[in-house]
Amino acid sequence: MTEVRILFVGDVVGGLGRRTLLRLLPELRERHDPTFVVVNGENAAGGLGITPKIADELFAAGVDVITLGNHAYHRREILPYLDREPRILRPANYLRSHPGRGATVVERDGVRLGVINLSGNVFLQAGQAMFPVADAMVAELRGKADHILVDVHAEATSEKVGLGWHLDGRVTAVVGTHTHVPTADARVLPGGTAYITDVGMTGPRGGVIGVRKEQAIEAMRTQMPVRFDTSEDDPWLMGVLIRCSHPLRADAIEQLLVPG
């Protein structure tokens, strides 16, 4: 099989994150020639949720799949869009009655990429336990995809690490999102699954996980409610590039931390 490259971009935060992604994506395509581009967009609309207009903008820029997380339903106008657009995912372990889907398959140049979106259970309300749903989704994609990427949107690092080991050898990659801070543990596990606990965010590194630092500090210092706005300071794109030459196996995972 020809080498497959999967570019995954961590949580896009607000307008600054979107502009950073759209500005840097052509350069990243030229440098790394990704076969597929997957983006977590659950903070793309003002820091909370995503809208159909923003999703269409990302797809028009060449994003193959958009994953979401705990803010998937924050914008009510996205709900019908989630049901009709198969390339945007909400966590698979949300309730079956909820809008949208948790897995999809996209194809390019004869290669099929399956993408699964999951939510952690610790500190997040997912509706169903993550591990059995992960098993069911992987089984459902067996034979339908040459590679499988799992975006695990979770608060607890232990859940992410545990899921990486649990799926090692059965999927191509398990990448963590949600905490907006990149971790230094990118590696290929013994069974051939690329893993990182958190990819980080695409947005303002000069804030506090995306929020204007003055507002975040005031809220923590005073313990009083404070209106949060997305920071505009020090934009970065944070992602990973996963290289694969055999089905359901990764050869390498490279962390991409690019100032915007």
Distance-minimising heavy-atom pair for [X] and [Y]:
X	Y	answer
A103	I116	CB-CG1, 4.1 Å
L95	G127	CD2-O, 3.8 Å
L68	G41	CD2-C, 3.9 Å
R212	T230	CG-O, 3.8 Å
N40	F8	CB-CZ, 4.2 Å
A134	L118	CB-CD1, 3.6 Å

Under 3.5 Å, is there a donor-acceptor pair between the side chain of [X] and the main chain of [Y]?
X	Y	answer
D185	I196	no
D198	G200	yes
S119	A126	no
E42	N70	yes
Q255	V240	no
R29	G62	yes
E159	G120	no
Y195	A186	no

- Y73 six-ring centre to R90 NZ/CZ under 6.0 Å and within 45° of normal: no
Hey, are the side chains of [X] and [Y] touching, using non-hydrogen atoms and a 4.5 Å cut-off?
X	Y	answer
V150	V175	no
R18	L21	no
L113	D64	no
D168	P190	yes
V13	H180	yes
L89	V115	yes
M130	V152	yes
F131	N93	no

Answer yes when [X] and [Y] have at least one side-chain N-carboxylate O distance shorter than 4.0 Å, and no when they do not.
X	Y	value
R205	D233	no
E155	K160	no
R101	D83	no
D146	R112	yes
R87	E85	yes
D251	R249	no
K53	E57	no
R5	E3	yes

Starting at [atom1] of [X], measure out to [atom2] of [Y] and round the result to the nearest 0.5 Å.
X	Y	atom1	atom2	result
T222	I217	OG1	CD1	11.5 Å
M238	T177	CE	OG1	14.0 Å
L167	D135	CG	CG	6.5 Å
T193	R187	OG1	CZ	11.5 Å
D109	E107	CG	CD	9.0 Å
S231	E214	OG	CD	7.5 Å

Check the pair I242, L149 against side chain to side chain contact (heavy atoms under 4.5 Å, CB included), reporting the backbone distance first and the verdict last. CA-CA 10 Å; I242 300 153; L149 179 140; 3.9 Å; yes
Under 4.5 Å between side-chain heavy atoms, counting indirect links through other Ile/Leu/Val/Met/Phe/Trp/Tyr residues: same cluster for [X] and [Y] or not?
X	Y	value
V111	V105	no
L248	L189	yes
L79	I50	yes
F59	L25	yes
V174	V38	no

Exercise. Would you say the side-chain atoms of T67 and D151 include a donor-acceptor pair closer than 3.5 Å?
Worked result: yes
Fill in: Atom CZ of R142 with >12 non-hydrogen neighbours under 6.0 angstrom
no
### Message
Please determine whether side chain to side chain contact (heavy atoms under 4.5 Å, CB included) holds for the pair L124 and H178, giving the CA-CA distance in whole Å, both sets of side-chain angles, and the decisive distance to 0.1 Å.
### Response
CA-CA 11 Å; L124 296 176; H178 178 63; 4.1 Å; yes
Begin with the C-alpha distance, continue with both residues' side-chain angles, and end with the deciding distance and a verdict on side chain to side chain contact (heavy atoms under 4.5 Å, CB included) for D11 and H153. CA-CA 10 Å; D11 304 53; H153 197 81; 3.2 Å; yes
**Request:** Go through the steps for H71 and R75 under the test side-chain hydrogen bond (donor to acceptor under 3.5 Å, both in side chains), then give the verdict.
**Result:** CA-CA 8 Å; H71 296 307; R75 309 280 172 170; over 6 Å; no
- Using the side chain to side chain contact (heavy atoms under 4.5 Å, CB included) rule, take L241 and I253 through it: C-alpha gap first, then chi angles, then the decisive distance, then the call. CA-CA 6 Å; L241 184 72; I253 177 170; over 6 Å; no
